[in-house]
Amino acid sequence: MEVPMSLNHSLETQSKLIARVPDITGRALPEWFQAIDNGPSFLRCEERANWLADEHGLSHGYAAAIVREHERYRRSRHL
């Protein structure tokens, strides 16, 4: 059984993954955020990352980075 990458990778790793998302996935972050918003209502970030990886064929590392960035974006909108 493969152990998924933690959602709590370093800020440097997060930045590098997010910068590559459009090239690797063919979709910009706002499109991924919309997919998360329109997807199942999971309570935990890890559940959202697993769904994103399974549903869209992403590696867990990219899925986790997208979910983490989505959470940061959502929090910043409510400030």
Side-chain angles (χ1 to χ4, degrees):
M1 181 173 128
E2 183 179 330
V3 177
M5 183 177 171
S6 169
L7 288 179
N8 297 317
H9 41 262
S10 72
L11 289 177
E12 180 181 358
T13 299
Q14 174 72 10
S15 295
K16 288 178 181 180
L17 287 169
I18 290 301
R20 286 182 269 187
V21 163
D23 291 335
I24 296 296
T25 68
R27 294 170 79 178
L29 280 177
E31 293 176 71
W32 287 116
F33 293 172
Q34 186 174 26
I36 292 168
D37 290 340
N38 293 334
S41 297
F42 295 114
L43 294 176
R44 295 178 44 221
C45 290
E46 188 168 337
E47 292 172 325
R48 281 192 290 270
N50 289 338
W51 170 81
L52 203 59
D54 293 344
E55 186 72 19
H56 296 280
L58 299 175
S59 73
H60 192 76
Y62 280 104
I66 292 166
V67 168
R68 186 176 183 190
E69 200 66 19
H70 180 255
E71 286 299 307
R72 289 177 59 206
Y73 173 75
R74 281 184 32 189
R75 275 188 244 123
S76 71
R77 287 190 338 203
H78 296 301
L79 294 179

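Quantities reported herein were computed from a predicted structural model and do not represent experimental measurements.
- Under a 4.0 Å N-O distance rule, the pair Glu71/Arg68 does not qualify as a salt bridge.
- Heavy atoms from other residues, nucleotides or ligands lying under 6.0 Å from CD of Glu31 number more than 12.
- Nearest heavy atom pair, residue Ala63 against residue Ala49, reads CB-O, 3.4 Å.
- A distance of 8.5 Å separates CG of Asp37 from OH of Tyr73, quoted to the nearest 0.5 Å.
- One distance of note links OH of Tyr62 with CG of Leu52; it measures 13.5 Å at 0.5 Å rounding.
- Between Ile66 and Phe33, the closest heavy-atom pair is O-CE2, 3.9 Å.
- Once rounded to the nearest 0.5 Å, the distance linking CG of Leu17 with CD of Glu12 reads 10.5 Å.
- Summarising the geometry of Trp51 relative to Ala35, their closest heavy-atom pair is CH2-O, 3.5 Å, with the distance given to 0.1 Å.
- Atom CZ of Arg20 is surrounded by more than 12 heavy atoms from other residues, nucleotides or ligands within 6.0 Å.
- Aromatic ring pairs are classed by plane angle as parallel below 30°, tilted from 30° to 60° and perpendicular above 60°; the pair His56 and Trp32 is perpendicular.
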For side chain to side chain contact (heavy atoms under 4.5 Å, CB included), just list the numbers for Val21 and Arg27, CA-CA rounded to whole Å, side-chain angles, deciding distance to a tenth of an Å, and then say yes or no.
CA-CA 7 Å; Val21 163; Arg27 294 170 79 178; over 6 Å; no
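- The two atoms that bring Glu69 and Leu29 nearest to each other are CG-CD1, 4.1 Å, heavy atoms only.
- To the nearest 0.5 angstrom, Arg48 atom CZ is 15.5 Å from Glu55 atom CD.
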